[in-house]
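Just below is one structure, and these are the notes that go with it.
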Number of protein chains: 2
Amino acid sequence: MTCAPPWTRPVAIILPIPVAPPVTSAVLPETEKRSETKSANVCSSSVSRGAFHSPLVDNLLSSMLTFRLGARAAREVTPIRGHRREEGQVRGTAMASEASQTGAAQESSRLEILQAAAECFEQRGFSGTSVDDVARMLGCTKGRIYHHFGSKADLFAAVFRLGMEMNFAAVEPLRHTDGPAVARLRMMAEEHVRQMVTTKSFQRVVWDGMELLMRGALTPEQRDECLRLQQSRKRYSTLFRTLMEEAKADGDLDYGDLSVATQVFFTCMNSPVFWYRPRVADLRNDQDTVIEQVVRFAMNGLGWKGE
Amino acid sequence: MTCAPPWTRPVAIILPIPVAPPVTSAVLPETEKRSETKSANVCSSSVSRGAFHSPLVDNLLSSMLTFRLGARAAREVTPIRGHRREEGQVRGTAMASEASQTGAAQESSRLEILQAAAECFEQRGFSGTSVDDVARMLGCTKGRIYHHFGSKADLFAAVFRLGMEMNFAAVEPLRHTDGPAVARLRMMAEEHVRQMVTTKSFQRVVWDGMELLMRGALTPEQRDECLRLQQSRKRYSTLFRTLMEEAKADGDLDYGDLSVATQVFFTCMNSPVFWYRPRVADLRNDQDTVIEQVVRFAMNGLGWKGE
DNA sequence: GTCTATACAGCGATAGAC
DNA sequence: GTCTATCGCTGTATAGAC
């Protein structure tokens, strides 16, 4: 402690991530650009663009259709000043009613935007990402994005919610399987971790969203909606929590305080969103290995003693 | 999946956190302001301002003294344009040499800034925090901050490094204690988690810093310094990693892949920076309980079967 | 050593052309 | 439905007063 170690030397870092200048009229021929700013194995996102466009997502998306109200990025609690619409009113022009018309095409466009947004938010976080960033990743301008989403916060919320819905869809059906509580918990954990790995970008946004939700102060009108989001999260964690209690009562698990255990358990299961980088070769097997190990760690952490 | 669950309903949220307008000439009488934007138990930071100003930190800080080079917040890899100094040159005016002069006073001021910065970065992240935010928390203007730190990135880096140094100082001495590898690992883990809880703001910044480091692309000049930071992190995790291997060889631990295990193990131990909120009453006991539980979870996760 | 004043770029958001 | 152009605020950083 007395002698200064090597890493104590004067040092400087840059933190923001370099990106290309915004698109204006210079058209990008290839759809995928920006790869030059990423180093080889630094996460070109776990899911390749095309592969992700699964029926599951389409189904989910169609049940999700609409987002109202352009939330404002105001930093004040009191009378929200800023350069956004002063009335604080509904936007997004009641998309639900339009859904019957253009339907599929519009949704497909929305989905593509969500996908790109997820990747941007994953890489730079909410405040670090500009709407231009997302547009640039899509090879278009922000006009397109603002046509579909009322604000940047709306866009983020949409990604956030889609991520949550995918989790529910994957995990909830397993809740009432047969067998002891531990076994069900294990299966659900496995499915949850699989989500983290296969839809990593979205799940990372869910994580960030939770954090923002936890510390975000709200204007009265927005409180309701935020509460609803938080409750949905709570409902999700309860799926696991109840099984944890059951399994402990059965003598299959052994942990101390339930709250602490839940927190650590989830952080554990979610951890791949921070460190997982898919290896190109043998993707499937790679993922399975990681999932298996993470689940094992998490279950052991709860005091599970094996089958 | 077919019937839309309640949380599928249209929703809107705001994400950014409201703050008071920047300080200009309106002087704040009390040093601590801004409390009105926080809800009761939402993290008024684990360490109270005064209590944190410990000899340990002072010692660490004096061995740390100097930061060179104003890192730039440029978003381009190629010729860095922007409104910062174009030479990309050294700043911070060789503070090490000045240390003998004003010494203590200057350092105390620096430390106070670091403290406030840690709390701001903890709450809003790097890009979400403005230099004005930090100044406002201190009840001063950004002039003071820019006098001590060349740029926002410099400030962040200083907080980051101080956090890391505290970890090293707490954990490294335990490396060569007597006893089996598992026992030592357990002790180190406990000390690490204690750091997470007692210096939470700083540790949260360390976490964010690691993430930024992982995905940040660099201009050639800055690559070196960044690499150094990363290596210091690596060195830290190696402290644990080697013991993990030893203990596995001893038959005291049982995990699969070392890399995955390390990642999950750390994420686990670090988790309090995300969810821990100190309860005012009986702080000490509260912390100890949390620490004990987290360590237990983490060790169990590695396949530890108890004493 | 800290404050005031100011420059200048970036970004969120809108209007209106196509 | 997407693009262009533009507005106005926010935020980083600097210069110079005190």
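To find a chain, count down the sequence lines: A is the first, B the second, and so on, and within it residues start at 1. What you see below is based on every heavy atom in this structure, not just the backbone, and it leaves out hydrogens, waters and symmetry mates.
Across D:dT12, C:dT2, D:dT2, the shortest atom-to-atom separation from the side chain of B:Ser130 is found for D:dT12. In this structure, of C:dA13, D:dT2, D:dT12, it is C:dA13 that holds the atom nearest to the side chain of A:Lys152. Distances were taken from every side-chain heavy atom of A:Arg144 (C-beta onward) to each of C:dA13, D:dG1, D:dT2; the shortest belongs to D:dT2. For B:Tyr146, the listed nucleotide lying nearest its side chain is D:dT14; candidates were D:dT14, C:dT2, D:dG1. The side chain of B:Val131 approaches D:dT12 more closely than any other nucleotide in the set C:dT2, C:dG1, D:dT12.
A close approach under 4.0 Å does not occur between any side-chain nitrogen or oxygen of A:Ser127 and OP1 or OP2 of C:dC11. Contact annotation: A:Thr141 side-chain N/O to D:dG1 OP1/OP2 distance is not under 4.0 Å.
The nearest whole Å value for the distance from the CZ atom in B:Arg136 to the P atom in C:dC3 is 14 Å. Between A:Phe156 atom CZ and C:dA13 atom C1' the separation is 19 Å, expressed in whole Å. Rounded to whole Å, the distance from NE2 on B:His147 to P on D:dC18 is 19 Å. Note: CD1 (A:Ile145) to P (C:dA13) measures 12 Å, nearest angstrom. Here D:dT2 presents its C1' atom at 16 Å from CZ of A:Arg110, a figure rounded to the nearest Å.
Every residue two or more places apart in sequence or in another chain was checked for a side chain to side chain donor-acceptor pair (under 3.5 Å) with A:Ser127, and none qualifies. Residues forming a side-chain contact (heavy atoms from CB on, under 4.5 Å) with B:Asp208 (at least two apart in sequence, or on another chain): B:Phe156, B:Arg204.
The two residues A:Met210 and A:Phe160 make their nearest non-hydrogen contact at N-CE1, 3.6 Å.
A distance-only check finds no donor-acceptor pair linking the side chain of A:Lys142 to the backbone of A:Arg136 [under 3.5 Å].
The base of C:dG12 sits within donor-acceptor range of the side chain of A:Lys142, with an N or O pair under 3.5 Å.
Nearest-nucleotide mapping onto DNA chain C: of A:Asp132 and A:Gly143, the residue sitting toward the 5' end is A:Asp132.
If you check the side chains of B:Asp133 and B:Gln123, you find no donor sitting under 3.5 Å from an acceptor.
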